[in-house]
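Values below: every heavy atom of this structure, side chains too, minus hydrogens, waters and symmetry copies. The residues of the chain are indexed from 1 along the displayed sequence. Predicted model only: the values in this text are computed from it and were never measured. Counting starts at 1 for both ligands and their atoms, in listed order.
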Amino acid sequence: MNEFGGTLELPLYDEHHRALARSASAWCAERSGVWDEARREPADKGATRVLRELGAGGWLGFLDPSSSGQAGDLRSACLMREVLANADDLADHAFAIQTLTAAPIQRHGDAAQRDLYLPGLATGELAGAFAVSEEQAGSDLAAVVLRAEPVPGGYVLDGHKTWIAQGTIADVYCVLARTGEGPGPLGLTAFLVPAGTPGLRAEPIDVIAPRSFARLEFTGCRVPADAVLGRRGGGYQVVLDALERARPTVGAAAVGFARRALTEALNHARGRPAYGGRLFDLPAVRSSLAELEIELSAAALMVGRAAWAADQAADHGSAGSGALSAAAKVFATEAAQRIVDRAVQIFGAAGLVSGAVPERLYRQIRSLRIYEGASEVLLASIAETLPNARTDARTDRTKEHRSR
Ligand SMILES: Cc1cc2nc3c(=O)[nH]c(=O)nc-3n(C[C@H](O)[C@H](O)[C@H](O)COP(=O)(O)OP(=O)(O)OC[C@H]3O[C@@H](n4cnc5c(N)ncnc54)[C@H](O)[C@@H]3O)c2cc1C
């Protein structure tokens with residue numbers, strides 16, 4: 001079996017996907033020194049260094065298709081996240097947040113906005129951030145309260161955003177704000193707000209796995225009318241589109257982290273002397289590793305299916321399947337959490353030493369079950385798509401009755 005567990009060879013992928021995954025993997029391996037150095041630096045410095053490295057390597061070029069000629073599809077984005085997460089958390093993080101910020105500009109931005117931001121996002125010279133969550137509006141995005149008050153020539157933003165990835169290094173923020181065209185989700189508008197706009201302040205937040213992460217304060221923050229991204233009152237849809245499209249990529253990152261954990265656990269078990277043999281000789285350890293391999297394969301297949309389906313839908317101009325994307329994210333992130341935990345168990349105490357790979361993975365994997373749709377929220381949305389057994393049974397009985 002190859003480093004992608006055989007999944008890459010399936011007809012879910014084309015030859016250019018395989019070439020991309022292999023060259024990204026080789027590129028990452030050559031840069032292990034860069035990742036190590038970035039990890040030792042303060043979060044902002046390390047995040048910027050890794051972002052520039054990705055840009056210089058050309059891995060973000062697809063964010064600006066008009067300059068690079070690369071369009072990029074969801075399978076490519078998923079494979080990139082799998083490879084990057086397998087190599088380094090910061091590299092995956094930078095790639096994910098640049099993509100999440102650029103995607104709504106590509107899809108909903110006007111020509112001036114695309115020209116202003118996409119070239120810099122695609123070279124890594126500009127860092128982006130996607131600022132949606134608030135303390136009282138995480139899973140329930142329709143509860144966003146940050147206010148954008150219309151004034152002559154633009155808007156004034158007042159309120160806060162929190163848990164914003166790349167928030168301390170971003171040059172541009174995609175911000176969801178309440179403009180009040182309608183109730184709840186109908187009264188929200190997306191804005192592009194450059195860092196350095198007077199009245200915008202970012203405060204760092206320390207998290208379990210050090211990354212650039214911030215709370216943003218908007219106090220009388222004035223933006224011009226052309227900062228609106230998409231249509232006024234259409235912000236909820238802009239954000240939902242971006243999140244739904246990103247979901248399989250979170251599953252893919254989970255597969256990357258889990259594959260790294262399994263590889264490390266396997267190598268450790270093969271090398272660790274135990275009871276006159278090796279840890280790997282113990283049936284319980286072998287069986288644990290076998291279970292992890294099965295879970296990992298299932299997760300990779302679900303991610304591949306969701307990304308393939310989304311790409312097919314995009315090619316045919318139809319909406320993708322939100323349920324497949326949600327299922328891939330839930331399954332892969334939950335499985336990856338179990339895989340990383342059991343990899344730590346196979347390492348024993350050595351897996352808990354600060355900075356050891358299993359210890360890092362244990363901290364890094366945790367947030368994936370929460371961001372871009374917590375597992376429970378996604379399960380509820382998948383449940384909505386299930387055939388309603390009781391309604392269907394009643395409909396069948398009615399049909400029977402009528403036909404008699
Ligand atoms: C590492 C990380 C990076 C992030 N990056 C960003 C970012 O860049 N930009 C941004 O805007 N936000 C970001 N977030 C915020 C993230 O999107 C929110 O944390 C997420 O939406 C959950 O919101 P919350 O934390 O307020 O939890 P809550 O909404 O309070 O939910 C807490 C828990 O309640 C349960 N729950 C909530 N709703 C339901 C439901 N409908 N059904 C069943 N159970 C439910 C779930 O178990 C959930 O985990 C990030 C978060 C993390 C951890």
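For ligand 1, the polar-atom distance check against A165 finds a nitrogen or oxygen pair separated by under 3.5 Å. Taking any N or O of E376, backbone or side chain, at least one lies under 3.5 Å from an N or O belonging to ligand 1. Of the polar atoms of A380, none of the N or O atoms is found under 3.5 Å from an N or O of ligand 1, judged by distance alone.
When only non-hydrogen protein atoms are considered, atom 51 (C) of ligand 1 lies nearest to Y371 CB, 3.7 Å. When hydrogens are left out, the protein atom nearest atom 16 (C) of ligand 1 is S133 OG, 3.8 Å; that is the closest non-hydrogen contact. The nearest protein atom to atom 31 (O) of ligand 1, hydrogens excluded, is given as S139 OG, 3.6 Å; this is a heavy-atom distance. Nearest protein heavy-atom contact of atom 53 (C) of ligand 1 is S367 CB, 3.9 Å. With respect to atom 20 (C) of ligand 1, the closest heavy atom belonging to the protein is I370 O, 3.7 Å. Shortest contact from atom 9 (N) of ligand 1 to any protein heavy atom: F130 O, 2.7 Å. In terms of protein heavy-atom proximity, atom 24 (P) of ligand 1 is closest to G138 CA, 4.0 Å. The shortest contact between atom 6 (C) of ligand 1 and any protein heavy atom is with W163 O, 2.7 Å.
Without hydrogens or angle criteria, D88 side chain to A91 main chain gives a donor-acceptor distance under 3.5 Å. Without hydrogens or angle criteria, E217 side chain to H160 main chain gives no donor-acceptor distance under 3.5 Å. In this structure, D311 contributes its side chain and L74 its backbone to a donor-acceptor pair below 3.5 Å.
Distance check for atom 33 (C) of ligand 1: every protein heavy atom is found at 4.0 Å or beyond. Atom 2 (C) of ligand 1 lies below 4.0 Å from at least one non-hydrogen atom of the protein. Proximity of atom 14 (N) of ligand 1 to the protein is indicated by at least one non-hydrogen atom lying closer than 4.0 angstrom.
Using a 4.5 Å cut-off on side-chain heavy atoms (C-beta onward), R338 and E291 make no contact.
Side chain to side chain, R81 and T249 meet the donor-acceptor criterion of an N or O pair below 3.5 Å.
Cation-pi geometry between R272 and F280 is not met at under 6.0 angstrom from the ring centre and within 45 degrees of the axis.
A salt bridge does not link D89 with R360: every distance from a Lys NZ or Arg NE/NH1/NH2 to an Asp or Glu carboxylate oxygen is 4.0 Å or more. Look at R369 and E334 and you find a salt bridge, because one of the NZ, NE, NH1 or NH2 atoms lies within 4.0 Å of a carboxylate O, short of that distance.
Residue-ligand proximity: E135 is placed with every non-hydrogen atom at 4.0 Å or more from ligand 1.
Applying the 4.0 Å criterion to heavy atoms of A374 picks out, from ligand 1, the atoms 48 (C), 49 (O). The R211 neighbourhood of ligand 1 comprises atoms 1 (C), with distances under 4.0 Å to a heavy atom of that residue. In the vicinity of V377, heavy-atom distances shorter than 4.0 Å reach the ligand 1 atoms 37 (C), 38 (N), 39 (C), 40 (C), 45 (C).
Aromatic ring pairs are classed by plane angle as parallel below 30°, tilted from 30° to 60° and perpendicular above 60°; the pair F347 and H268 is parallel.
Taking all atoms of both residues into account, the shortest heavy-atom contact from I169 to A47 is CD1-CB, 3.9 Å.
For F95 and F62, the gap between ring centers is short of 6.0 Å.
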